[in-house]
2 protein chains.
Amino acid sequence: MNKTKKKILEAALQLFNTYGLPNVSQRKISDHLGISPGNLTYHFKKKENIEEALYFDLVNWISEEFRQMGEKEVSLQNLITFVDSFFVTIYTYRFVYLDIVHLMRNNDVISAHYKQLIISRKLQFLRMIEQFIDSGLFREAELPDEYEMLYKRIQIILDFYLSAEEITENTIGYRPMGNHTLLFMHSIYPYLTLKGKKQFQEILPLYE
Amino acid sequence: MNKTKKKILEAALQLFNTYGLPNVSQRKISDHLGISPGNLTYHFKKKENIEEALYFDLVNWISEEFRQMGEKEVSLQNLITFVDSFFVTIYTYRFVYLDIVHLMRNNDVISAHYKQLIISRKLQFLRMIEQFIDSGLFREAELPDEYEMLYKRIQIILDFYLSAEEITENTIGYRPMGNHTLLFMHSIYPYLTLKGKKQFQEILPLYE
DNA sequence: TTAAAATTAGTACGTTTGTACTAATTTTTA
DNA sequence: TAAAAATTAGTACAAACGTACTAATTTTAA
């Protein structure tokens, strides 16, 4: 990729993350970089194009993480390692998550893509749960659609954990590695079998 | 309260809910009402003042709901009824939740108030759980801070359920009464005792 | 080395933003 | 009913917005 284009994306990411997407204009980005607004428009005709470039960067990173997890065996430890790396990526592109509603409302390309994405994510999750049940670590569902509902909650937590931190914490900025993984682990704990809970409690102390 | 002031708040609420807080200017509100911008500035000098008036309306409604719940006995049915009414209120003031990060970032008054609020909410929740444990409906915690973590997740779901719907659903606008209560119920189900689960399964069919 | 292409700077346009100000009108009060 | 207060309309302004345009410069390629 072009050198300037890369620099623009880096600056935009930093500014979006710091001040929030609606608070950062194209001029602020070019000023921040010390380049002319015309130069910026040359590389990205619209602000939406910058958003999209960053969004698809994020998506590619996450796809790569999913691919890597798919290669490993199904285990609690691997799941947790995956969630951990997932949250690091989320944090790197946190403006996407902190302003996700605004982003989707004002950018049809991203909105359409994301809506497709979460459908396949859900299927992936349910397949994984099935494998966990087969391996005797997760219990069978006790309620209709119990694991579909679990996924729904986990999705909300993945998408909005940073937002929740942002509006809760008194500290300015974020602690890069908070308790997100611990929160995720607690979400799945009640669905484990005795065998699963035992394994879980061996791993847990490492995250507290 | 003044008649015009009331009309301004109603219009602002509707426009904020529909188009999103950052997409609605003071002029759009006055245009929508057919009053002059000068008139609007007379009643609310700054846009933030409108946000705050609506936010504190919301807070008052919720306080009233908490008060009403506090009067009733501790039971699953009463809890669910409460969550239901809670979500209706959230939906009425949905712009607060859909743009909550942007709102908090740009409005110090609301931000400060909210951060105080959730502290007392957490304590209320934990007290309630204790009562549920005493009544034999919830099990004891199996992990350190297990119910603190449950609360954290429930808080995220309460605050961001509408956002999750907004970015997930293909329908324009919202279905006023979605599956939020069902989602909440699934959150607490795994923590119930056998007695609690039995009670739960009697109530569940009413919500599907 | 010279022509073409890509990149950059600089400027400018029409809107919209938040907000301030004055003057007219309506309502309230004495 | 007259004076005072509250409310409303209308206008204006500087700043910022997204974006378009042209001209200069640099890089690439023939």
Side-chain angles (χ1 to χ4, degrees), chain A residues 1-55 95-96 98-99 101-111, chain B residues 1-55 95-96 98-99 101-111:
Chain A
M1 193 194 299
N2 188 292
K3 209 172 174 180
T4 311
K5 214 164 179 173
K6 208 175 230 167
K7 265 169 48 185
I8 291 170
L9 290 178
E10 280 171 14
L13 179 60
Q14 194 210 310
L15 293 173
F16 288 165
N17 281 344
T18 309
Y19 302 108
L21 188 58
N23 297 328
V24 177
S25 64
Q26 286 158 285
R27 258 189 198 73
K28 269 184 194 147
I29 299 170
S30 58
D31 283 359
H32 182 81
L33 279 170
I35 65 172
S36 65
N39 193 358
L40 191 140
T41 348
Y42 172 74
H43 290 286
F44 298 96
K45 220 165 189 187
K46 301 183 155 214
K47 189 184 172 185
E48 274 136 33
N49 298 338
I50 303 178
E51 299 167 3
E52 284 154 27
L54 289 172
Y55 170 80
F95 87 93
V96 170
L98 291 170
D99 294 311
V101 175
H102 183 259
L103 186 65
M104 302 279 174
R105 267 182 163 160
N106 298 299
N107 190 314
D108 293 339
V109 175
I110 294 178
S111 175
Chain B
M1 194 195 299
N2 187 292
K3 210 173 173 180
T4 311
K5 213 163 178 171
K6 209 176 228 166
K7 265 169 51 185
I8 291 171
L9 289 179
E10 279 170 14
L13 179 60
Q14 193 209 313
L15 293 172
F16 288 165
N17 282 344
T18 308
Y19 301 108
L21 188 59
N23 297 326
V24 177
S25 63
Q26 287 159 280
R27 258 188 198 73
K28 269 186 192 143
I29 299 170
S30 58
D31 283 358
H32 182 81
L33 280 171
I35 65 172
S36 66
N39 193 358
L40 190 140
T41 3
Y42 172 75
H43 290 286
F44 297 97
K45 219 164 188 188
K46 301 184 153 215
K47 190 184 170 185
E48 275 136 33
N49 299 135
I50 303 179
E51 299 168 2
E52 284 155 26
L54 289 172
Y55 169 81
F95 87 92
V96 171
L98 291 169
D99 295 309
V101 175
H102 183 260
L103 185 65
M104 303 278 173
R105 266 181 163 160
N106 298 297
N107 191 314
D108 292 338
V109 175
I110 294 178
S111 175

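Just so we're on the same page: letters track the sequence lines, and every chain starts at 1. The shown structure was predicted, so the numbers you read here are calculated from the model rather than taken from an experiment.
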### Query
Less than 4.5 Å apart, any side-chain heavy atom of F16(A) and any of L98(A)?
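With C-beta onward as the side chain, the pair stays apart.
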
### Message
Any heavy-atom pair between the side chains of D31(B) and K28(B) that's under 4.5 Å?
### Response
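No - every pair of side-chain heavy atoms lies 4.5 Å or more apart.
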
### Task
Using a cut-off of strictly less than 4.0 Å, decide whether K46(A) has a side-chain nitrogen or oxygen near OP1 or OP2 of dT19(D).
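True: K46(A) side-chain N/O within range (under 4.0 Å) of dT19(D) OP1/OP2.
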
### Query
Looking only at side-chain N and O atoms, does K45(B) come under 4.0 Å of OP1 or OP2 in dT19(C)?
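Looking at the OP1 and OP2 atoms of dT19(C), neither is under 4.0 Å from any side-chain N or O of K45(B).
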
Is the backbone of [Y] close enough, under 3.5 Å, to the side chain of [X] for a donor and an acceptor to pair up by distance?
{"X": "N17(A)", "Y": "F95(A)", "value": "yes"}
{"X": "D99(A)", "Y": "G20(A)", "value": "no"}
{"X": "N23(A)", "Y": "Y19(A)", "value": "yes"}
{"X": "N39(A)", "Y": "S36(A)", "value": "no"}

### E48(A) CD - dC17(D) P separation (whole Å)
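Whole-Å distance recorded here is 16 Å.
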
### Query
Just how far, in rounded Å, is P of dC21(C) from CG of L40(B)?
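Going from L40(B) (CG) to dC21(C) (P), I get 17 Å.
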
### Message
If the test is side chain to side chain donor-acceptor pair (under 3.5 Å), which one of E48(B), E52(B), K47(B) qualifies with N107(B)?
### Response
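Exactly one candidate clears the test, E52(B).
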
### Query
What heavy-atom pair brings I8(A) and L33(A) nearest, and what distance separates the two atoms?
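For I8(A) and L33(A), the tightest heavy-atom pair comes out as CA-CD1, 3.6 Å.
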
### Task
Sugar-phosphate means primed atoms, P, OP1 and OP2; the rest is base. With that split, encode nucleotides 4-17 of chain C 5' to 3' as B, S or - using protein heavy atoms under 4.0 Å.
--SBBBB-B----B

#### Entry: Per-nucleotide protein contact string for nucleotides 22-28 of chain D, where B marks a base within reach and S marks sugar-phosphate only (heavy atoms under 4.0 Å, - for neither)
-------

